[in-house]
Amino acid sequence: MNITVCVKRVPDTEARIRISSGGADIERDGVKYVLSPYDEFAVEAALQLVEGAGGGQAAAGPAPLAGGAGTAAGDGRVTLVSFGPEATKESLRAGLALGAHRAVLLRGEPGMDGWATARVLASELEGGDADLVLFGIKAVDDDQQQVGPMVAELLGRPCATSVAAIDVDGGVATCRRAVEGGQEVVELDLPAVVTVTKGRYEPRYASLRGIMMAKRKPLVEKEAPAVEAGLVVERLDLPPARPEGRIVGEGAEAVPELVRLLREEAKVL
Amino acid sequence: MADVLAVAEVTDGALKSVSREVVSAARGIADVLGCAVEAAVCAGSEEVGGVAEGLAALAAQGADRVAGIEAAGWEPGRVDVSAAALAGHIRGRGHAVVVFAATGPGRDLAPRVAAKLGRPLLTDVTGVEVDGGEIVATRPVFAGKALARVRVKGTPALLSIRPNVFAVEDSPREVVSDVVSADAAERPDGYRVRGFEASEGAALDVSEAEIVVSGGRGMQDPSNWHVLADLRDALGETAALGASRAVVDAGWRPHAEQVGQTGKTVTPKLYFAMAISGAIQHLAGMRTSGVIVAVNRDADAPIFGVADYGIVGDVFQVAPRLAEAIRELRGD
Ligand SMILES: Cc1cc2nc3c(=O)[nH]c(=O)nc-3n(C[C@H](O)[C@H](O)[C@H](O)COP(=O)(O)OP(=O)(O)OC[C@H]3O[C@@H](n4cnc5c(N)ncnc54)[C@H](O)[C@@H]3O)c2cc1C
Ligand SMILES: Nc1ncnc2c1ncn2[C@@H]1O[C@H](COP(=O)(O)O)[C@@H](O)[C@H]1O
């Protein structure tokens, strides 16, 4: 089984966000970048599925596949695809160190318009041999939660979103979706597209051997095709500061005063 | 002038309250554009008549026309069928603007419709205006650490609004109720809904609740959660439980309840942070709440930096008292 995972490089969740002098972007200097956390779940899901299908080493729990990657004997392959600037190569190498077999960088600057991003990614995925294309449910920068299902439409493949666990058996992927009030079970005929949320998959750490091996794995770089964006960011602002709060008091004695304030001042009770 | 379409949501035959917010937002846009509002939802042949009748209630928020869109092959959960039918409907009627709710189902549906129409989509919008005939919307980015003002080029403009942000406004009118059928053939095959497993006590999703009671690691043990569940019960049916990632990772609570950068973003009218320290990733998910109350025994906990009201103290003493006081206030 071959799986492609689309991954995005985003500012670290701890990063302090400052607005650039132009006013329509953030200050990029000094910001630490990471793979978007949900994309890490998607990568882990892909590695486990391919390991389980005999793509690499036996699916021995969290044992890193990295060592076995080179011995994959053409049985199954995890490919990472990212649309981003040159520096995204670092994040792709990190993904290769976890056990992915090859990576493709589509060099360019993704913006807010997920439809534009979807078309760039689909241009690479079209005609590919992936049985499954995985996405994170959302990239934690623009937080649009849309690129996965948009790519699925472009490829004409069935798509399940917000999936916590995937099981593949005989050309069918059974997906457990985390939805309002519970879990919905959806079956997709392969080839298919899935967006992954937190659930079964606990991202692994790279082993030293994995990191060494990653240097020799193929990382293909191409120029991303030009697509026109239909969303124009006119301005970024920092959110308005919350008005100074107050400590009502200490311990249970403060409860009556808190309730009075919530009722009379804040008018929410 | 082409209409503004408000995509409503119905569960188990009942109109979801977020639909009124969607119609109010659509009404605001339509008033500037000088056009009508249509509210619509997809359903199967059996239920579509009843659904269309139920939608008529949206006339109170300013729907001029409501439509049950009959889609062959529809059944609960068939987002692929809904998306194809809705895209066909929008193409046919040539709406200028389409407003979705940024709920779980709305986030699943909207991008598929957008892609079928070959149009961009603005998700999770918290403010919208019309400028020079174009939609300009505000939405949080970088997990709420910045707000982007974004212009949508071309039509139709597609957006989804964050629940609990847009006020439900009364703007009653005469409504025309209709059933229309749409062609839902234009979709990939191979999507089957096999079942649904309800998780206990999670009737109301945390991202749609008006009041959220969240617990953190300071709750010490999952068996202590009855303290927070009791507070939620005292607050009534519009309240839901939330959690920090620390307790979700520990397996004490399901991920569906996690609030924060890698959980849900919530904007309730009232948020209780109970024994939660207030890490930046947690704040990312709840700092746009209306009123924030924090209870923490550490007076220096960062959560007090965003809380409107704080009590420094032991959650196990404060929470039960709070539940009791709220019950007294409500007279039950
Ligand atoms: C990539 C990434 C993504 C993340 N995403 C999220 C996310 O989505 N959501 C999220 O919440 N976190 C997220 N985190 C984790 C975050 O950094 C914090 O670790 C987490 O929020 C801490 O949870 P907590 O406040 O429950 O626990 P702690 O930080 O341990 O705080 C417990 C608090 O309880 C108080 N306390 C203890 N006992 C009592 C008592 N008896 N009475 C009153 N108070 C008491 C303590 O004073 C303390 O302030 C993320 C982290 C990373 C790296
Ligand atoms: N520039 C990109 N390159 C590769 N994958 C991306 C890119 N942007 C988004 N994605 C994928 O789409 C998912 C959803 O992103 P979004 O719709 O922007 O929230 C992400 O978790 C990634 O899997």
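Convention: sequence-line order gives letters A, B, ...; per-chain numbering from 1. Predicted, not measured: the structure shown is a model, and the values here were computed from it.
Using a 4.5 Å cut-off between heavy atoms, B:T138 makes no contact with chain A at all. If you measure heavy-atom distances from A:A254 to chain B, the contacts under 4.5 Å come from both the backbone and the side chain. With a 4.5 Å cut-off on non-hydrogen atoms, A:V232 touches chain B through its backbone and its side chain both. In this structure, chain A has heavy atoms under 4.5 Å from both the backbone and the side chain of B:Q261. Both the backbone and the side chain of B:L122 come within contact range of chain A, with heavy atoms under 4.5 Å apart. Of the atoms belonging to A:S162, not a single heavy atom falls under 4.5 Å from chain B. Both the backbone and the side chain of B:A198 come within contact range of chain A, each with at least one heavy atom under 4.5 Å from a heavy atom of that chain. Looking at A:L155, neither its backbone nor its side chain comes within 4.5 Å of chain B, counting heavy atoms on both sides. Contact of B:D108 with chain A is made through backbone and side chain together, with heavy-atom distances under 4.5 Å. Looking at A:R235, the atoms closer than 4.5 Å to chain B (heavy atoms on both sides) sit in the backbone and in the side chain alike. Proximity to chain B is absent for every atom of A:L154, based on heavy atoms less than 4.5 angstrom apart. In this structure, chain B has heavy atoms under 4.5 Å from both the backbone and the side chain of A:V248. With a 4.5 Å cut-off on non-hydrogen atoms, A:C175 does not touch chain B at all. Only the side chain of A:R263 has a heavy atom closer than 4.5 Å to any heavy atom of chain B. Residue contact with chain A, scored on non-hydrogen atoms closer than 4.5 Å, is absent for B:D80. When heavy atoms are compared at a cutoff of 4.5 Å, A:V10 does not approach chain B at all. Only the side chain of B:L270 comes within contact range of chain A, with at least one heavy atom under 4.5 Å from a heavy atom of that chain. Residue contact with chain A, scored on non-hydrogen atoms closer than 4.5 Å, involves the side chain of B:V293 exclusively. Contacts between B:I311 and chain A at a heavy-atom distance below 4.5 Å involve backbone atoms as well as side-chain atoms.
With B:S289 contributing its side chain and B:I292 its backbone, the two residues share no donor-acceptor pair below 3.5 Å. For B:R119 (side chain) and B:P156 (main-chain N/O), a donor-acceptor pair under 3.5 Å exists by modelled atom type. No donor-acceptor pair under 3.5 Å is formed between the side chain of B:K145 and the backbone N or O of B:F142. At least one donor-acceptor pair closer than 3.5 Å links the side chain of A:D131 to the backbone N or O of A:N2. Here the side chain of A:R119 pairs no donor or acceptor atom with the backbone of A:A226 at under 3.5 angstrom. A donor-acceptor contact shorter than 3.5 Å is absent between the side chain of B:Y271 and the backbone of B:M286. B:R112 places no side-chain N or O within donor-acceptor distance of the main-chain N or O of A:M150, the cut-off being under 3.5 Å. With hydrogens and angles ignored, the 3.5 Å screen pairs no side-chain donor or acceptor of B:T238 with any backbone N or O of B:E210. A donor-acceptor contact shorter than 3.5 Å is absent between the side chain of A:E27 and the backbone of A:I19. Side-chain atoms of B:R139 come within 3.5 Å of backbone N or O of A:D142 as a donor-acceptor pair.
Chain A forms more heavy-atom pairs under 4.5 Å with one residue of B:A294, B:P254, B:A146, B:A325 than with any other, namely B:A146. Residue with the most contacts toward chain B among A:R16, A:E244, A:R176, A:E253: A:R176 (heavy-atom pairs, distance under 4.5 Å). The choice from B:E324, B:R287, B:R321 that makes the most heavy-atom pairs within less than 4.5 Å of chain A is B:R321. Comparing A:L238, A:L190, A:D189 by how many heavy-atom pairs each has under 4.5 Å with chain B, the most go to A:D189. Taking B:G118, B:A319, B:A102 one by one and counting their heavy-atom pairs under 4.5 Å with chain A, the maximum is reached by B:G118. The most heavy-atom pairs under 4.5 Å with chain A, out of B:A110, B:G313, B:P188, come from B:P188. When A:Q144, A:E184, A:E265 are compared by the number of non-hydrogen pairs under 4.5 Å with chain B, A:Q144 comes out ahead. Options A:E250, A:E257, A:E234 differ in how many heavy-atom pairs under 4.5 Å they form with chain B, and the most are formed by A:E234. In terms of heavy-atom pairs under 4.5 Å with chain A, the best-connected choice from B:V291, B:L147, B:V248 is B:L147. Chain A forms the most heavy-atom pairs under 4.5 Å with one residue out of B:P105, B:A143, B:G77, B:A284, and that residue is B:P105. Options A:A229, A:P239, A:P149 differ in how many heavy-atom pairs under 4.5 Å they form with chain B, and the most are formed by A:P239. Options A:T195, A:D113, A:V140 differ in how many heavy-atom pairs under 4.5 Å they form with chain B, and the most are formed by A:V140.
Put simply, the side chain of A:T161 does not reach to within 4.5 Å of the side chain of B:R107, judged on heavy atoms. Side-chain contact between A:Y201 and A:V43 is absent, with no heavy-atom pair separated by less than 4.5 Å. Residues B:K16 and B:V10 are not in side-chain contact: their nearest non-hydrogen atoms beyond the backbone lie 4.5 Å or more apart. Two residues are said to be in side-chain contact when any heavy atoms from C-beta on lie closer than 4.5 Å; B:V206 and B:L241 fail this criterion. The side-chain heavy atoms of A:I3 and A:L134, taken from C-beta on, include a pair separated by under 4.5 Å. Side-chain contact check for B:H255 versus A:T197: some heavy-atom pair is nearer than 4.5 Å. With contacts defined as side-chain heavy-atom distances shorter than 4.5 Å, the pair A:L132/A:L188 does not qualify.
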Self-check item: A:E40 vs A:R204, salt bridge (charged side-chain N to carboxylate O under 4.0 Å, His left out): CA-CA, chis, key distance, verdict
Solution: CA-CA 9 Å; A:E40 292 191 336; A:R204 65 190 65 184; over 6 Å; no
